[in-house]
Amino acid sequence: MAIINLKEASEVDRISEGAVLINEEPVLRQGKHKPFMIGTFIGPDGNSEFRIWEEQIYQSVVENGTGIYDASVVGSEYNGNYYLTVRRIRPTLEDGLERSDFLPQIPKLQIKKHWQEANLALKEQGLTESAMFIAKEILNDPEVVSRFFVEGAAIYHHDNKIGGLANHSFKMLRILAAVIANLPALRKSCDLLYLGVLLHDIGKIHEYDNLAPSEFWYANHRVRGIEFLTKYKELIVERYDEAFYRQLQAIIIGHHGEYGDRPTTVATGIVHYIDTLESQVTGLLEKQRDTPGVKIRNEWGFLEAIPLDDEFYFEEEAIER
């Protein structure tokens, strides 16, 4: 059975049948008269919220949990929110499908390009060989190399694709280069901000597992990032000093700004603002691409779409580090 194209299926009243992936446990909510299920399907062309209104239909998902299902869905909309109404769903009978078939991916060459561009731009702004050496050591760490270039930056919202974690971090580095170019006083702190951006989400290699929460998701990526950084304390202090190391800790802890631990350093505030800009703009554009029509609903209300170039993909190629 073919995988459902979730973007096409979201067209209101369109009926689609095929395979879908539930990668995270859906939840039951209490409706006016009875409970209903709400969750997210993940597909190579994007994600889509789904709802199942009847207990006899969602019971199959309750019993079988996450996995690949065969489903019949219809595109639905309420007050500007688009979702799929599930009319039938059962564990797939197709032997040839794997979870990886459903997970959207960012081309490796695109990630490599962002990394190279960021390093070149930041070297012009004062990035030193010491910082680049530490970055190379971290990215080639056995704990990192098999996860940082694979995991997503989020389960929902932005860069929630295979390779999204590295892509998000490298895009932030390119923004950092532009910020320092416009504020040359920051050149003296280029190394600190560079490593802070690179490390701010490093703990997500443990918080997530193929775009789903990991076993120990409740020890969030800020906690796990601090834990990981201890491996490189001696190297960082040797190349810089303990104050530099503690500043990196502060960035990992406080980069969520008002949505987490309060930032306690200027560097943390800068990384938080860059993180917010990159993630929110990326998320907004992804929402436009995933929303039928020209009206996009978010926390501000309805937004009119803007013209966008078709997403450009590079040929697949192994990343050279």
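No experiment lies behind these values; they were computed from the predicted model shown.
Cluster membership check: L229 shares its hydrophobic cluster with F133, using side-chain heavy-atom separations under 4.5 Å among Ile, Leu, Val, Met, Phe, Trp and Tyr. When the side chains of ILVMFWY residues are joined at heavy-atom separations under 4.5 Å, either directly or via intervening members, I89 and L97 end up in two distinct hydrophobic clusters. By the rule that hydrophobic residues join a cluster once side-chain heavy atoms approach within less than 4.5 Å of another member, V62 and I52 end up as members of one cluster.
Using a cutoff of 4.0 Å between basic side-chain nitrogens and carboxylate oxygens, K113 and E117 are scored as salt-bridged. Between D159 and K171 there is a salt bridge, since a side-chain N of the basic residue sits under 4.0 Å from a carboxylate O of the acidic one. Between E8 and R14 there is a salt bridge, since at least one side-chain N of the basic residue sits less than 4.0 Å from a carboxylate O of the acidic one. Salt bridge R224/E227: present, at least one basic N to carboxylate O contact under 4.0 Å. Salt-bridge annotation for E242 and R246: present, with a side-chain N of the basic residue lying under 4.0 Å from a carboxylate O of the acidic one.
Within the 4.5 Å cutoff, side-chain heavy atoms of S60 are placed close to those of P91. Proximity of S169 to F148: side-chain heavy atoms (C-beta onward) are separated by under 4.5 Å at one or more points. At least one side-chain heavy atom of M172 sits less than 4.5 Å from a side-chain heavy atom of H200. Two residues are said to be in side-chain contact when any heavy atoms from C-beta on lie closer than 4.5 Å; W115 and L198 meet this criterion. By the 4.5 Å heavy-atom criterion applied to side chains, D141 and I138 are not counted as neighbours. Residues V150 and N210 are in side-chain contact: their nearest non-hydrogen atoms beyond the backbone lie under 4.5 Å apart. Residues M37 and R29 are not in side-chain contact: their nearest non-hydrogen atoms beyond the backbone lie 4.5 Å or more apart. E25 has its side chain within reach of T66: a pair of non-hydrogen atoms, C-beta onward, lies under 4.5 Å apart.
A donor-acceptor pair under 3.5 Å is absent between the side-chain atoms of N182 and the main chain of V179, judged by distance alone. Side-chain atoms of S214 come within 3.5 Å of backbone N or O of H206 as a donor-acceptor pair. Judged by distance alone, the side chain of K204 and the main-chain N or O of A153 form a donor-acceptor pair under 3.5 Å. Looking at Q125, its side chain never comes within 3.5 Å of a backbone N or O of C190 through a donor-acceptor pair. Not a single donor-acceptor pair under 3.5 Å links the side chain of N167 to the backbone N or O of G163. Remark: the backbone N or O of L192 is not paired with any side-chain donor or acceptor of S189 at under 3.5 angstrom.
Judged by the 6.0 Å distance and 45° axis criteria, R90 is not positioned over the aromatic ring of Y69.
Side chain to side chain, R99 and N23 meet the donor-acceptor criterion of an N or O pair below 3.5 Å. Residues T282 and E286 bring no donor and acceptor atom of their side chains to less than 3.5 Å of each other. A side-chain donor-acceptor contact under 3.5 Å links T92 and D70.
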Problem set entry | Test log, rule side chain to side chain contact (heavy atoms under 4.5 Å, CB included), inputs V73 and E17 | CA-CA 6 Å; V73 301; E17 295 186 345; over 6 Å; no
Problem set entry | Trace of the ring pair (Phe, Tyr, Trp, His ring centres under 6.0 Å) decision for H168 with H114 | CA-CA 9 Å; H168 164 62; H114 288 161; over 10 Å; no
Exercise. Would T128 and D191 satisfy side-chain hydrogen bond (donor to acceptor under 3.5 Å, both in side chains), going step by step from the backbone distance to the final call?
Worked result: CA-CA 7 Å; T128 71; D191 284 8; 2.4 Å; yes
For residues 81-88, dump all side-chain donor-acceptor pairs below 3.5 Å to protein atoms at least two apart in sequence or in another chain.
| from | atom 1 | to | atom 2 | distance (Å) |
| --- | --- | --- | --- | --- |
| T85 | OG1 | S76 | OG | 2.7 |

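Ring geometry for F216 against Y218 counts as perpendicular: the plane angle is over 60°, on a 0 to 90° scale with 30° as the lower cut.
Residue-environment remark: CD (Q30) exceeds the threshold of 12 foreign heavy atoms within 6.0 Å.
Among residues at least two apart or in separate chains, there is no ring pair (Phe, Tyr, Trp, His ring centres under 6.0 Å) pair with a member in residues 258-299.
Separation of the H255 and H221 ring centroids falls under the 6.0 Å cut-off.
Partners of W217 under the ring-ring contact (aromatic ring centres under 6.0 Å, His included) rule, at least two apart in sequence or in another chain, do not exist in this structure. Qualifying side chain to side chain donor-acceptor pair (under 3.5 Å) partners for Q280, counting only residues two or more places apart in sequence or in other chains: none. E215 meets the salt bridge (Lys or Arg N to Asp or Glu O under 4.0 Å) test with no other residue; sequence neighbours excluded. Partners of F50 according to the ring-ring contact (aromatic ring centres under 6.0 Å, His included) rule, which considers only residues two or more places apart in sequence or in another chain, are F41.
Evaluated for a side chain to side chain contact (heavy atoms under 4.5 Å, CB included) with T268, the options D261, I251, I253, I252 yield exactly one hit, I251.
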